[in-house]
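Data first, discussion second: the structure below is written as structure tokens.
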Amino acid sequence: MMLRFWGVRGSIAYPGPSTVEFGGNTPCLELRFSEKNRLIIIDAGTGIHPLGNRLVSEDIKKGPISAEIFITHTHWDHIIGFPFFRPIYIPGMKLKVYGPITFEDDSLEKVMGDLLRYRYFPVLHGELRADIKYFRLGESKMDLGDGITLKTKYLNHPLLCLGYRFEFDGKILCTAYDTEPFRNIFSMDEKAADTDPIVRAEEDEAARKENEKLLDFYRDADILIHDCQYTREEYLSSKIGWGHSFFEHAIDSALAANVKNVVLFHHDPLRSDKELILLEKNCQKLVKNQRDLNIVVAKEGMEIEL
Ligand SMILES: [Zn+2]
Ligand SMILES: [Zn+2]
């Protein structure tokens with residue numbers, strides 16, 4: 001399995017002098033499976049634009065291609081690049097798009113298709129030349145053929161958001177793009193002092209179990225790509241409930257789930273290159289005397305052979 005990162009930034013694209021090294025594009029990851037002629041893409045953030053350019057200039061030149069896009073959820077930073085993905089304008093291109101349904105219960109096709117309406121964009125979804133099919137996903141296990149299996153798991157985010165676990169050739173890749181620790185939401189409430197202690201204990205237990213299920217989902221992964229939008233201080237001061245993790249949580253999860261490599265991902269748009277270099281060093285210090293866990297801060301253009 002070969003991974004290539006085309007976008008690692010969260011929330012909004014942020015190109016400029018402060019993000020030259022780690023990149024400003026929003027999430028898009030390319031997966032290739034050795035000798036299987038399969039192309040899987042996770043998310044269609046702005047990073048899918050340069051990926052599409054590469055496909056047009058190299059792969060499609062040799063003949064029509066197929067690809068599968070797995071959308072983690074339909075927040076803008078994860079889908080906004082879709083109308084700019086050049087292969088969708090090319091006849092013969094076959095595309096399957098998978099993703100979770102929204103709480104409004106609109107179909108995935110409608111949510112994605114709405115990006116291509118005249119109020120937002122000069123081309124309509126119905127005018128696209130590629131053969132595009134949409135598939136709704138929930139929590140499941142799928143055999144994708146060619147020896148590739150996929151497990152999906154809901155993460156903790158304000159909108160249904162899926163984590164993906166791909167297994168191929170004895171290797172495991174897990175993604176937890178937009179997620180924060182499950183918690184007892186009532187214990188954050190000041191009035192909660194009046195709450196029945198038994199009810200509170202049950203809710204604490206429910207949150208603990210959900211966190212445990214997530215660790216099972218990550219268990220023994222060779223690579224875990226995990227949300228690290230905030231520092232612990234930022235998270236605790238004003239970001240609880242916004243659906244994102246902090247560096248220490250990503251690392252603790254990786255350690256607890258016996259992960260080999262954790263890739264810190266979904267960088268805050270205001271996180272500069274200098275800050276990310278420093279955070280990477282500090283995170284490596286954190287695990288220095290613990291189990292052997294390799295920590296990498298995701299960078300645009302980064303390739304990993306698994
Ligand atoms: Zn996001
Ligand atoms: Zn999100």
Inset, instruction - Starting at CG of Leu162, measure out to CG of Leu155 and round the result to the nearest 0.5 Å. - result: 7.0 Å
Legend entry - Nearest non-hydrogen partners of Ala130 and Pro87, listed with the distance: CB-O, 3.7 Å
Legend entry - Spatial distance of atom OG1 (Thr231) from atom CG (Leu236) [nearest 0.5 Å]: 8.5 Å
Legend entry - Lys96 side, atom NZ; Ser66 side, atom OG - distance, nearest 0.5 Å: 8.0 Å
Legend entry - Lys/Arg N to Asp/Glu carboxylate O, Asp114 vs Lys110, below 4.0 Å: yes
Inset, instruction - Measure the CD1-CE distance between Ile132 and Met112 for me, rounded to the nearest 0.5 Å. - result: 9.0 Å
Inset, instruction - Begin with the C-alpha distance, continue with both residues' side-chain angles, and end with the deciding distance and a verdict on salt bridge (Lys or Arg N to Asp or Glu O under 4.0 Å) for Glu68 and Arg38. - result: CA-CA 8 Å; Glu68 290 141 283; Arg38 289 286 289 267; 3.0 Å; yes
Legend entry - Residues Glu280, Asn282; criterion side chain to side chain contact (heavy atoms under 4.5 Å, CB included); working and verdict: CA-CA 6 Å; Glu280 187 171 35; Asn282 290 342; over 6 Å; no
Legend entry - Step-by-step salt bridge (Lys or Arg N to Asp or Glu O under 4.0 Å) determination, Arg271 to Glu234: CA-CA 12 Å; Arg271 191 83 58 216; Glu234 288 165 350; 2.7 Å; yes
Inset, instruction - Report yes if the side chains of Ile88 and Ile90 come closer than 4.5 Å at any heavy-atom pair, otherwise no. - result: no
Legend entry - Student check: side-chain heavy atoms of Leu306 and Ile223 closer than 4.5 Å: yes
Legend entry - More than 12 heavy atoms from other groups under 6.0 Å of CZ on Arg129: no
Inset, instruction - Identify whether Leu224 and Leu264 are in the same connected component of the hydrophobic contact network (ILVMFWY, side-chain heavy atoms under 4.5 Å). - result: yes
Legend entry - salt_bridge(Glu139, Lys153) N-O dist < 4.0 Å: yes
Legend entry - Side chain Ser18, main chain Ser272, donor-acceptor under 3.5 Å: no
Inset, instruction - Might you point out which heavy atoms bring Cys28 and Ile41 nearest each other, and give the distance in Å? - result: SG-CG2, 3.8 Å
Inset, instruction - Answer with yes or no whether the hydrophobic clustering places Ile79 together with Leu124; edges join I, L, V, M, F, W, Y residues whose side-chain heavy atoms lie under 4.5 Å apart. - result: no
Inset, instruction - Report the C-alpha distance between Tyr89 and Phe84 in whole Å, list the side-chain angles of each, state the deciding distance to 0.1 Å, and finish with yes or no for ring-ring contact (aromatic ring centres under 6.0 Å, His included). - result: CA-CA 9 Å; Tyr89 300 92; Phe84 303 91; 9.0 Å; no
Legend entry - Leu276 vs Lys299 side-chain heavy atoms within contact, under 4.5 Å: no
Inset, instruction - Applying ring-ring contact (aromatic ring centres under 6.0 Å, His included), run through Tyr134 and His125 and close with a yes or a no. - result: CA-CA 13 Å; Tyr134 292 88; His125 188 266; 5.7 Å; yes
Inset, instruction - Output, in order, the C-alpha distance, side-chain angles, deciding distance and verdict of side-chain hydrogen bond (donor to acceptor under 3.5 Å, both in side chains) for Gln229 and Ser11. - result: CA-CA 9 Å; Gln229 179 119 358; Ser11 305; 3.1 Å; yes
Legend entry - Ion pair check, Glu210 and Lys213, cut-off under 4.0 Å: yes
Legend entry - No-hydrogen, no-angle side-chain donor-acceptor test under 3.5 Å, Trp6 and Glu300: no
Inset, instruction - May I ask you to decide if the ring planes of Tyr230 and Trp242 are parallel, tilted or perpendicular, using 30° and 60° as cut-offs? - result: perpendicular
Legend entry - Option among Arg54, Arg86, Arg32 that satisfies the salt bridge (charged side-chain N to carboxylate O under 4.0 Å, His left out) test with Asp59: Arg32
Legend entry - Close side-chain approach of Thr175 to Phe265, heavy-atom, < 4.5 Å: no
Inset, instruction - Verify the cluster assignment for Tyr98 and Ile69: are they in a single hydrophobic cluster under the rule of side-chain heavy atoms below 4.5 Å apart? - result: no
Inset, instruction - Compute the centroid of each ring, for Phe166 and then for Phe70, and state whether the two points are separated by less than 6.0 Å. - result: yes
Legend entry - Phe217 ring center near Tyr154 ring center (under 6.0 Å): no
Legend entry - Ionic contact status for Arg4 with Glu303, cut-off 4.0 Å: yes
Inset, instruction - State plainly whether the residues Arg165 and Glu167 are in salt-bridge range, i.e. N to O under 4.0 Å. - result: yes
Inset, instruction - Could you tell me whether Glu35 atom CD has more than 12 heavy atoms of other residues or ligands within 6.0 Å of it? - result: no
Inset, instruction - With the side chain counted from C-beta on, respond yes when Glu21 and Ile277 share a heavy-atom pair under 4.5 Å apart, and no when they do not. - result: yes
Legend entry - Test side chain to side chain contact (heavy atoms under 4.5 Å, CB included) applied to Thr26 and His78, step by step: CA-CA 7 Å; Thr26 66; His78 299 259; over 6 Å; no
Inset, instruction - Tell me whether Ile40 is reachable from Phe135 by hopping between hydrophobic residues (I, L, V, M, F, W, Y) whose side-chain heavy atoms are closer than 4.5 Å. - result: yes
Inset, instruction - For side chain to side chain contact (heavy atoms under 4.5 Å, CB included), just list the numbers for Met142 and Leu137, CA-CA rounded to whole Å, side-chain angles, deciding distance to a tenth of an Å, and then say yes or no. - result: CA-CA 10 Å; Met142 298 162 70; Leu137 281 185; 3.6 Å; yes
Legend entry - Same cluster (ILVMFWY, side-chain, under 4.5 Å), Tyr177 and Phe5: yes
Inset, instruction - Answer yes if the side chains of Thr149 and Asp143 hold a donor-acceptor pair under 3.5 Å, and no otherwise. - result: no
Inset, instruction - Side-chain contact test, heavy atoms from C-beta onward, threshold under 4.5 Å: evaluate it for Ile42 versus Leu31 and give yes or no. - result: yes
Legend entry - NE2-CG distance between His73 and Asp43, expressed to the nearest 0.5 angstrom: 7.0 Å
Inset, instruction - Take atom CG of Asn37 as the centre, draw a 6.0 Å sphere, and report whether it contains more than 12 heavy atoms from other residues, nucleotides or ligands. - result: no
Legend entry - Heavy-atom side-chain proximity of Phe85 to Leu55 below 4.5 angstrom: yes
Inset, instruction - Kindly determine whether His249 and His226 satisfy ring-ring contact (aromatic ring centres under 6.0 Å, His included), including the steps that lead there. - result: CA-CA 9 Å; His249 175 68; His226 199 294; 5.7 Å; yes
Inset, instruction - Look up atom CZ in Phe247 and atom SG in Cys228, then write down how far apart they are to the nearest 0.5 Å. - result: 4.0 Å
Inset, instruction - Give a yes or no on this: more than 12 heavy atoms of other residues, nucleotides or ligands lie within 6.0 Å of atom CD1 of Ile12. - result: no
Inset, instruction - Could you tell me whether the side chain of Arg9 and the main chain of Gly23 form a donor-acceptor pair under 3.5 Å? - result: yes
Inset, instruction - Check the pair Thr46, Asn25 against side-chain hydrogen bond (donor to acceptor under 3.5 Å, both in side chains), reporting the backbone distance first and the verdict last. - result: CA-CA 5 Å; Thr46 61; Asn25 279 311; 2.7 Å; yes
Legend entry - Within-4.5 Å side-chain heavy-atom neighbours: Leu108 and Arg136: no
Legend entry - Exercise: do His157 and His75 side chains pair donor with acceptor under 3.5 Å: yes
Inset, instruction - Could you check whether the rings of Phe22 and His267 sit parallel, tilted or perpendicular, using 30° and 60° as the cut-offs? - result: perpendicular
Inset, instruction - Measure across Ile80 and Leu115 and return the closest heavy-atom pair with its distance rounded to 0.1 Å. - result: CD1-CD2, 4.3 Å
Inset, instruction - Applying side chain to side chain contact (heavy atoms under 4.5 Å, CB included), run through Asn156 and Leu214 and close with a yes or a no. - result: CA-CA 10 Å; Asn156 187 23; Leu214 262 188; 5.7 Å; no
